[in-house]
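FYI, side chains are in, hydrogens and waters are out, and symmetry mates aren't considered; it's all heavy atoms of this structure. These numbers were taken from a predicted model, which means no experiment stands behind them. In what follows, residues are counted from 1 in the order of the sequence shown.
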Amino acid sequence: MFPSQNACSTPTSFLLTGIPGLEPLHIWLSIPFGSMYLVAVVGNMTILAVVKVERSLHQPMYLFLCMLAVIDLILSTSTMPKLLGIFWFDARDIGLDACLTQMFVIHCFATVESGIFLAMAFDRYVAICDPLRHTTVLTHGMVGRMGLAALLRGVLYISPLPLMIRLRLPHYRAQIIAHSYCEHMAVVTLACGDTKVNNLYGMGIGFLVLILDSLAIAASYVMIFRAVLGLSTPEARLKTLGTCGSHICAILIFYIPIAVSSLTHRFGHQVPPHIHILLANFYMLIPPILNPVVYAVRTKQIRERLLRMLKAGVQLR
């Protein structure tokens with residue numbers, strides 16, 4: 001039993017609503033969401049398999065791509081199975097510890113993904129602006145250390161979020177979370193007591209990750225474009241820019257949905273709640289779906305190896 005919303009209590013679990021206002025359509029919404037989740041899992045697992053078996057792809061850019069694939073699998077799997085459980089079985093209950101763990105995983109690995117994009121921008125900068133040193137600077141060891149640094153940054157930035165909720169906000173005026181997963185602000189708004197510190201810390205982390213990472217990536221591309229414009233022929237410029245195309249597309253796929261979702265959450269007070277929640281869920285699915293497609297279409301080595309694997313599978317039949 002959940003207590004009255006007018007009284008503060010110390011809950012051991014919460015209820016997720018799924019998509020508020022669209023409860024009668026949950027069973028139908030499960031079809032597109034389930035299909036998109038399946039595509040995301042298959043696409044990212046395929047990228048990992050292709051890079052693993054194709055030795056020519058054991059280069060920094062593709063190793064970072066594998067890191068993105070793992071992160072996208074974690075992000076989508078941290079939310080979609082629970083959402084589908086709500087759609088299919090009305091399994092809305094989630095324990096407090098499970099809720100805080102889900103919150104940590106979502107925000108941590110979104111932060112890690114932003115760090116990997118920053119590392120990929122550095123890789124492209126070195127490859128284009130200082131190509132003779134690219135193999136000596138971006139060694140496999142350095143790539144691994146950059147990935148580890150992105151992971152540690154995510155853990156360091158995000159660990160205080162669930163800890164502050166656990167330690168500072170034990171009481172809640174309601175246990176029904178108007179969301180499909182345990183998003184930080186959706187939980188904090190239910191708490192009794194002073195939530196100013198939680199709000200300020202969440203906004204500060206958002207600024208550090210979104211704004212500073214975006215500015216650093218933009219600065220690297222300004223220097224890349226300056227180097228490209230210094231090339232002698234238009235063909236050389238196009239070929240060099242082509243090596244950045246997939247990365248630019250992936251950056252836009254990641255940052256645009258999260259920016260739109262954040263802006264509508266902060267300032268879109270007239271936007272219906274189900275639009276907020278749908279945008280938040282699309283943010284969890286769009287990058288995992290489109291990143292493999294972008295790299296498979298735009299990267300010749302991945303495309304050719306994938307075709308060879310498909311032909312081999314057909315011949316075995």
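Both Tyr37 and Ile31 belong to a single network of hydrophobic side chains, linked directly or stepwise wherever heavy atoms of I, L, V, M, F, W or Y lie under 4.5 Å apart.
Closest of all the heavy-atom pairs between Ala227 and Ile128 is CB-CG2, 4.3 Å. The two residues Tyr295 and His247 make their nearest non-hydrogen contact at OH-CA, 3.6 Å.
The ring of His179 has its center no closer than 6.0 angstrom to the ring center of Phe14. Checked against the 6.0 Å centroid threshold, Tyr201 and Tyr157 do not count as a close aromatic pair.
Not a single donor-acceptor pair under 3.5 Å links the side chain of Arg237 to the backbone N or O of Phe225. No donor-acceptor pair closer than 3.5 Å links the side chain of Asp130 to the backbone N or O of Val126.
Side chains of Glu54 and Ser56: a donor on one and an acceptor on the other come within 3.5 Å.
Around the CZ atom of Arg308, the shell of radius 6.0 Å holds more than 12 heavy atoms that belong to other residues, nucleotides or ligands.
Partners of Leu156 according to the side chain to side chain contact (heavy atoms under 4.5 Å, CB included) rule, which considers only residues two or more places apart in sequence or in another chain, do not exist here. In this view, Cys66 and Leu48, Val51 satisfy the side chain to side chain contact (heavy atoms under 4.5 Å, CB included) rule, not counting sequence neighbours. Residues meeting the side chain to side chain contact (heavy atoms under 4.5 Å, CB included) test with Val297, sequence neighbours left out: Val293.
Ring planes of His107 and His184: perpendicular class, angle over 60° (limits at 30 and 60°). In this structure, His26 and Phe87 have tilted ring planes: the angle between them lies in the 30° to 60° band.
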